[in-house]
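Right, one structure below, let's go through it.
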Protein chains: 2
Amino acid sequence: MPSSVPRRRTRKDPAARRAEIVDAAAGVALREGLECVTLRRVAEELDVRPGLISHYFPSADDLVAEAFGSAATAETDALLPEEGPEGTPTEHLARFLARTTGESYDAISRLWINARHLSRYREALRERVAVQEAAWRARLEGLIRQGVETGEFRTGDPLVTTLQILVVLDGLGVDVNVGEEDLPEAVTCMAFRTAERELGLRQGTLTRVAESGQPSG
Amino acid sequence: MPSSVPRRRTRKDPAARRAEIVDAAAGVALREGLECVTLRRVAEELDVRPGLISHYFPSADDLVAEAFGSAATAETDALLPEEGPEGTPTEHLARFLARTTGESYDAISRLWINARHLSRYREALRERVAVQEAAWRARLEGLIRQGVETGEFRTGDPLVTTLQILVVLDGLGVDVNVGEEDLPEAVTCMAFRTAERELGLRQGTLTRVAESGQPSG
DNA sequence: CCTGCTATTGGTCGCGCACTCAATAGTTGC
DNA sequence: GCAACTATTGAGTGCGCGACCAATAGCAGG
């Protein structure tokens with residue numbers, strides 16, 4: 001009794017296969033965490049053998065870094081589209097803050113916490129996190145500079161303001177894995193208040209725009 | 001040739017041994033991270049057999065949680081002594097912020113990031129983190145209430161102010177594992193500015209007190 | 001001194017992990 | 001229809017992990 005029948009093989013274009021692997025890995029990273037991005041787990045996801053993953057990623061660390069990069073890039077683009085097709089910087093910023101404060105952002109927060117911690121042990125990931133952070137900052141800074149140009153925002157140093165907003169956002173997201181808690185509103189809207197204060201907007205401006213910005217839900 | 005000579009055994013009082021284990025585990029957690037707190041690693045630290053650790057901690061998860069609790073409690077006490085022996089609330093707060101901004105705080109930041117992430121997978125740790133966070137908040141809130149009583153601080157809601165300061169501190173600490181970066185001063189001193197603003201202090205008050213507070217060194 | 005208690009050991013088991021490599025089977029081009 | 005190329009498999013290695021358990025040795029009380 002030959003216990004194993006030979007497996008059906010589906011042979012794919014290397015580039016496509018690689019992309020497929022990265023996608024699957026990014027999915028696992030988002031749903032289950034970066035430490036679950038293992039050769040075996042990703043192989044299972046695609047119904048192939050672990051050796052194949054090794055073939056495309058001789059070092060598993062690179063796969064993890066790539067998985068994070070892919071997931072983070074996708075999310076960055078969703079939250080802060082490179083070219084705002086329509087709408088003022090104020091509207092974009094308001095939408096951005098609303099999204100990063102909303103519950104649906106929890107998965108992304110988790111991913112970032114995950115990546116920042118795992119960076120301690122994995123060099124490839126550490127570099128990737130640094131790159132993504134730079135991109136993230138640049139995107140927000142661009143938006144703010146734009147607003148300064150149109151005269152909507154007023155700030156002495158767009159970079160500093162960008163960083164200040166990000167510090168608050170990071171601080172707010174820190175507890176996704178622990179918190180059963182409901183924070184007081186004065187805390188949850190810190191990002192809005194900080195942005196308004198540092199950009200010379202009247203308090204409540206961004207909150208109000210954010211509310212009227214996505215009314216039909 | 002009997003390859004193994006029997007080992008010398010040092011028999012200790014259970015309570016003392018347990019404490020010793022927790023201490024060693026806390027040390028490993030601080031230096032190498034919570035995922036390195038394994039039966040084998042802790043046993044090696046104490047020069048005993050892994051089975052012994054299992055004996056005191058039938059579930060390894062409990063050991064990890066305990067290690068974090070021990071390390072975090074020690075650090076909390078160091079940063080915010082329960083009973084300030086001398087000094088005004090303003091001075092205490094200034095010292096606290098100075099310490100949590102200083103470089104020596106990096107190890108603690110790392111530990112918290114570590115714990116908050118690992119909480120995703122380990123329930124015992126998650127509960128422990130929640131407890132430590134509550135303690136941490138209570139301590140800072142107590143200090144702020146004290147300052148309100150003496151009239152040094154003015155805030156409508158001490159709890160909210162406490163949380164706001166903590167959000168900023170968390171946000172600032174988020175990048176210890178990644179950052180080669182030097183942030184602009186306007187960003188590194190956000191915690192001071194936030195505290196001053198929310199407590200009705202003149203800008204620079206806390207920074208100045210912090211500087212004159214630890215002059216000789 | 002020896003008897004009983006138990007803290008401690010040594011060994012084992014099964015798991016999931018990354019990594020390696022020869023063999024195999026799809027695919028493409030002739 | 002055949003040959004060369006290579007994407008994919010299958011099998012195996014060694015590692016560290018948590019968990020379990022019977023045997024042992026240190027210590028205290030009689």
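Throughout, protein chains are lettered first and strands after them, A, B, ... in sequence-line order, and every chain is numbered starting at 1. Please read all numbers here as calculations on a predicted model, not as lab measurements.
Nearest to the side-chain atoms of B/A60 among the listed nucleotides C/dT8, D/dA19, C/dT9 stands D/dA19.
Between the side chains of A/Q132 and A/T73, a donor-acceptor pair is found at a separation under 3.5 Å.
Ion pairing between a basic and an acidic side chain is recognised when a charged N comes within 4.0 Å of a carboxylate O; A/R116 and A/D170 show such pairing. Using a cutoff of 4.0 Å between basic side-chain nitrogens and carboxylate oxygens, B/R41 and B/E45 are scored as salt-bridged. A salt bridge links B/E141 with B/R145: the distance from a Lys NZ or Arg NE/NH1/NH2 to an Asp or Glu carboxylate oxygen falls below 4.0 Å.
Taking atom CG of B/L52 as the reference point, atom C1' of D/dG18 lies 15 Å away to the nearest angstrom. Protein atom CD1 of A/I53 is 12 Å distant from nucleotide atom C1' of D/dA7, rounded to whole Å.
Remark: B/R7 is not in phosphate contact with D/dA25, judged by side-chain N or O atoms under 4.0 Å from OP1 or OP2. In this structure, B/H55 reaches the C/dA7 phosphate: one of its side-chain N or O atoms is under 4.0 Å from OP1 or OP2. For C/dT8, one of the phosphate oxygens OP1 or OP2 lies less than 4.0 angstrom from a side-chain nitrogen or oxygen of B/Y56.
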| field | B/W112 and B/Y105: CA distance, side-chain angles, deciding distance, ring-ring contact (aromatic ring centres under 6.0 Å, His included) verdict | value | CA-CA 11 Å; B/W112 276 94; B/Y105 187 64; 9.2 Å; no
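Taking a 4.0 Å limit (strictly below) on heavy-atom distances, residues 26-50 of chain A reaches DNA chain D at A/V48, A/R49. Listed by residue number, A/R9, A/T10, A/R11, A/K12, A/P14, A/R17 are the residues of residues 9-25 of chain A with a heavy-atom contact under 4.0 Å to DNA chain D.
Considering A/E133, A/E123, A/E66 as possible partners of A/R128, the one that fulfils the salt bridge (charged side-chain N to carboxylate O under 4.0 Å, His left out) test is A/E66.
Looking only at side-chain heavy atoms (C-beta outward), B/L97 and B/I165 come within less than 4.5 Å of each other.
Within the 4.0 angstrom heavy-atom criterion, no nucleotide atom of any strand lies near A/F57.
With sequence neighbours left out, the ring-ring contact (aromatic ring centres under 6.0 Å, His included) criterion links B/Y121 to B/H117.
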